[in-house]
Amino acid sequence: MIRFMSPETRRQLGLSEAAAKKLEKLHLHTAWDLVLHLPLRYEDETRITPIADAPFAQSCQVEGVVQLQEVQFKPRKQLVVRIQDSQGTPLNLRFLHFYPSTQQQLAKGKKVRALGEIKQGYFGAEMIHPKIRSAEQGGLAESLTPVYPTVNGLNQPALRRAAQAALEHVDLSDSLPEKLLRDLHLPPLADSLRLLHNPPPEYSVHTLADETLPAWQRLKFDELLAQQLSMRLAKQKRQSGAAKPLRGNGALCRRLTDSLPFALTAAQERVLSEIRSDLARPHPMHRLLQGDVGSGKTIVAALSALTALEAEGGFQAAVMAPTEILAEQHYLKFRQWFEPLGISVAWLSGSLKKKEKEQVKTDLANGNIRLAIGTHALFQDDVRFRNLGLVIVDEQHRFGVAQRLALKNKGEDVHQLMMSATPIPRTLAMSFFADLDVSVIDGLPPNRTPVKTRLVNQLRRSEVEGFVLNTCRKGQQAYWVCPLIEESETLQLQTAAETQTALQAALPELNIGLIHGRMKAAEKAEVMAQFVAGSLNVLVATTVIEVGVDVPNAALMVIEHAERMGLAQLHQLRGRVGRGAAASSCILLFAEPLGETAKARLKVIYEHTDGFEIARQDLNIRGPGEFLGARQSGAVMLRFADLERDLPLLEAAREIAPKLIEERPDVVDKHLSRWLASREAFLAA
Ligand code: ADP
Ligand code: MG
């Protein structure tokens, strides 16, 4: 969504059209956006520090007379200026980019102030690219100078002026009731904002960097409250919106469960009944189904889809997976389950031939196809459903915001089931996914032997090859996962191909296949089919198999350079084995030296098999921002609060949000219009 600052606002704030354009790049469209665009840090121009006393690697301002100016050409063109302060201490200032005006400003004999960090350079103490101003007009700043997040071409003075104008212009009266603020020991909003934009003289850089400063606490709380309010409202809106109730007589579902070689676990039964009671209601379901890798989410998805299909009204269902491989696996599984019931399943992905795609689209639009499985190609603009009742999204955390929005646009009135194998710790889920209902499959199907994990130094690679051979001689199969090479996909593919060649040479009696992300979908499917059929003993793979692949006879997984992978990824990968009854193992090859984080991760994956516990530990190691991945990028609005450090504020916001919605709609409106004006579309995704 692109929005522009209205000409009226621009005029009121005294901004040129060019300046307003730049502000738009920062997503600043309204006066309130500007008011809430708070400084990243502060610079202290209120005092002069003697160069001899300047703290290392901390910003400070020094003053001196230029002794020497020189343009050097080695190793590249740069301007070096030596100043000397009143105590006689010299300091070098170095500029890698400079203009003739910089040179004039720093001509020999001029008295200047330089603001920056002093570092120990090759030729002694120096400041690189300090902020320079002339010292000849005298006066020091009276209070700290705010430094705002900015973009190229928009300088700090311009941002400061815009922020000041906005502060003057908006109504700063508090959005929250006084009693609430008193209970939470939070200061008024107006005071907090004024303080952060214009810190009083007695405030130091140190004080303002302190997150526990009441003014920051207030802003963080307001931000979290806005998040909670908007999510709750989104949820309310959905729950009061209309959807077709999907109620069947259960006959087809019974036939499917009867045909399975296993009985559903109690946990599967429970989540299914939660889903079914949602589907039966005339409001759209938005349910997140969480279950560890291998917990059996696919059959739950299938039975949910079947519930929609057997409901009266001729509804359609769609199942979307993040990768072709996974979508294809689902397609095969669903066909195996649904065709005996007389239900045909369609396949739609980006890699289909144009003509085939057109046919599927026609059949979806006229309702000939009731069940479609595919990648996000299912939710492209030109795909229409005649009567879509339920959408199931597998591994929902892998989809980006744009895809979630596309899905949303397919129908507000459609029931949605989202599935995720990245368990989100409860507190986080309850706050960050406040707009969803959550079902959890706790526990794995019976008769699983836990995967045995071993950490092996890669120097012992040949022993591991011997282990692969033994495993395959027993009739079992193995995955060999190649290292993640983030810098270069080409390099990663090359490594995978070389690994296959080397393994094949070392183990000539085995059939060793290769699968990677750049293969054509048909080739991937072919290799996967060979592996499923058992004609390949070993599958060398890049991390494309990370998600959802299910081959019960695979009992061994070797992961190279496991130290480079994240915990969620390792857990997902390991979850590809141990799906049958046979004892399975996972060998994590690592290369020394190990960094602290890598060490911590390997320890966790070695010690734990429970995905929820691993997620908790992961959260400890990484913090919630990174942990939440894609979802986090959809919530760009959390600029100030930190889910981990500000948990108490989050809890308070969560507790108060429903009360405010109930009792003070005026407060809610005012609060949200300030905080979310330009961010709503993202939040709702
Ligand atoms: P995930 O939750 O990771 O998507 P899957 O749905 O792929 O897991 O299930 C993993 C394996 O467990 C599959 O082979 C599936 O057939 C099997 N499975 C699912 N439910 C049960 C059950 N109740 N009892 C035994 N095996 C089951
Ligand atoms: Mg799955």
Side-chain angles (χ1 to χ4, degrees), residues 250 252-276 278-279 287-308 317 319-323 325-338 341 345 371 373 390 392-398 417-424 437-451 532 545-555 557 568 571-584 609-615:
L252 284 177
C253 285
R254 259 190 307 281
R255 276 176 60 195
L256 176 53
T257 26
D258 287 347
S259 75
L260 295 173
F262 52 77
L264 295 182
T265 63
Q268 284 169 319
E269 295 277 13
R270 193 192 63 243
V271 300
L272 253 176
S273 72
E274 287 165 359
I275 293 165
R276 286 193 175 127
D278 278 2
L279 291 178
R287 191 168 277 279
L288 177 67
L289 173 57
Q290 288 199 38
D292 205 348
V293 192
S295 62
K297 294 185 289 295
T298 318
I299 186 65
V300 172
L303 286 163
S304 306
L306 199 50
T307 305
V319 181
M320 174 165 83
T323 66
I325 294 193
L326 183 57
E328 173 129 15
Q329 277 239 335
H330 283 338
Y331 173 58
L332 297 174
K333 259 276 156 59
F334 275 61
R335 268 180 56 185
Q336 181 195 329
W337 285 332
F338 283 56
L341 306 174
V345 184
L371 178 59
I373 298 189
L390 170 66
I392 299 174
V393 183
D394 197 9
E395 309 292 344
Q396 66 93 28
H397 58 285
R398 314 254 312 188
L417 177 64
M418 285 147 277
M419 306 199 287
S420 172
T422 302
I424 295 142
D437 296 303
V438 181
S439 289
V440 181
I441 305 185
D442 39 8
L444 297 178
N447 305 326
R448 294 269 168 87
T449 338
V451 180
V532 172
I545 58 154
E546 177 192 338
V547 151
V549 174
D550 187 30
V551 180
N553 191 44
M557 166 154 304
H571 179 63
Q572 290 262 334
L573 279 170
R574 183 171 60 181
R576 300 305 120 216
V577 293
R579 301 204 144 207
S584 317
T609 53
D610 173 20
F612 282 83
E613 183 54 34
I614 290 171

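Bear in mind the structure is a predicted one, so any value in this text is a computation, not a measurement.
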**Student:** Which heavy atom of A555 sits nearest to which heavy atom of A583, and what is that distance?
**Tutor:**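 Scanning both residues completely, I find the closest heavy atoms to be CB-O, 4.1 Å.
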**Student:** Mind checking salt bridge (Lys or Arg N to Asp or Glu O under 4.0 Å) for E613 and listing every partner two or more places apart, or none if nothing turns up?
**Tutor:**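 Here the qualifying residues are R616.
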**Student:** If I take atom CZ from residue R276 and atom OG1 from residue T307, how far apart are they, to the nearest 0.5 angstrom?
**Tutor:**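 Interatomic distance, R276 CZ to T307 OG1, rounded to 0.5 Å: 4.0 Å.
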**Student:** To the nearest 0.5 Å, tell me how far L252 CG sits from T257 OG1.
**Tutor:**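 That separation rounds to 10.5 Å.
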**Student:** With a 4.5 Å cut-off on side-chain heavy atoms, are R574 and V293 touching?
**Tutor:**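 Heavy-atom side-chain distance check fails, nothing below 4.5 Å.
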**Student:** Output yes when a side-chain donor or acceptor of T323 lies under 3.5 Å from a complementary backbone atom of A321, and no otherwise.
**Tutor:**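 Here the side-chain-to-backbone pair does not exist.
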**Student:** Identify, with sequence neighbours excluded, every residue that meets salt bridge (Lys or Arg N to Asp or Glu O under 4.0 Å) alongside R287.
**Tutor:**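 Listed in chain order: E274, D278.
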**Student:** The criterion is side-chain contact (heavy atoms from CB on, under 4.5 Å); which residues satisfy it with T265, sequence neighbours excluded?
**Tutor:**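 Listed in chain order: A267, Q268, P445, P446.
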**Student:** For D442, enumerate each residue passing the salt bridge (Lys or Arg N to Asp or Glu O under 4.0 Å) test, keeping only those at least two apart in sequence or located in another chain.
**Tutor:**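 Checked D442 against salt bridge (Lys or Arg N to Asp or Glu O under 4.0 Å); matches are R270.
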**Student:** Knowing that exactly one of D394, I392, I373, V393 qualifies, which makes a side chain to side chain contact (heavy atoms under 4.5 Å, CB included) with M320?
**Tutor:**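 Of D394, I392, I373, V393, side chain to side chain contact (heavy atoms under 4.5 Å, CB included) with M320 is met by V393 alone.
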**Student:** With side-chain contact (heavy atoms from CB on, under 4.5 Å) as the criterion, how do L303 and L256 come out once you've worked through the C-alpha distance, each side chain's angles and the decisive distance to 0.1 Å?
**Tutor:** CA-CA 8 Å; L303 286 163; L256 176 53; 3.8 Å; yes
**Student:** Search all heavy atoms of G296 against all heavy atoms of I299 and return the closest pair with its distance.
**Tutor:**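 Minimum heavy-atom separation between G296 and I299: O-CG2, 3.6 Å.
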**Student:** Closest heavy-atom contact between A305 and L371?
**Tutor:**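 Scanning both residues completely, I find the closest heavy atoms to be CB-CD1, 4.3 Å.
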**Student:** Mind listing the closest non-hydrogen atom pair of F334 and V319 along with its distance?
**Tutor:**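 Answer, listing the atom of F334 first, then V319: CE2-CG2, 4.1 Å.
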**Student:** Using the rule given for side-chain contact (heavy atoms from CB on, under 4.5 Å), can you reason through L306 versus L341, listing the C-alpha separation, both sets of side-chain angles and the distance that settles it, and then say yes or no?
**Tutor:** CA-CA 10 Å; L306 199 50; L341 306 174; 3.7 Å; yes
**Student:** Quick one: pull up CD in E269 and CG in L272 and give me the separation to the nearest 0.5 Å.
**Tutor:**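 Answer for the CD-CG pair, E269 versus L272, is 6.5 Å.
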**Student:** With sequence neighbours left out, write down each residue that passes side-chain hydrogen bond (donor to acceptor under 3.5 Å, both in side chains) with S304, or none if nothing qualifies.
**Tutor:**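 For S304, no residue satisfies side-chain hydrogen bond (donor to acceptor under 3.5 Å, both in side chains) once neighbours in sequence are set aside.
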**Student:** Please report the interatomic distance CD(Q290) to CD1(I441), rounded to the nearest 0.5 Å.
**Tutor:**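 Q290 atom CD to I441 atom CD1 measures 10.5 Å (nearest 0.5 Å).
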**Student:** Got a second to check how far M419's CE is from S439's OG, nearest 0.5 Å?
**Tutor:**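 Between atom CE of M419 and atom OG of S439 there are 12.0 Å.
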**Student:** The test is side-chain contact (heavy atoms from CB on, under 4.5 Å); show your working for L260 and W337 and say whether it passes.
**Tutor:** CA-CA 8 Å; L260 295 173; W337 285 332; 3.4 Å; yes
**Student:** Can you name the side-chain hydrogen bond (donor to acceptor under 3.5 Å, both in side chains) partners of D610, sequence neighbours left out?
**Tutor:**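 D610 satisfies side-chain hydrogen bond (donor to acceptor under 3.5 Å, both in side chains) with no other residue.
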**Student:** Which distance, rounded to the nearest 0.5 Å, do you find between the CG of L289 and the CD1 of I275?
**Tutor:**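 L289 atom CG to I275 atom CD1 measures 5.0 Å (nearest 0.5 Å).
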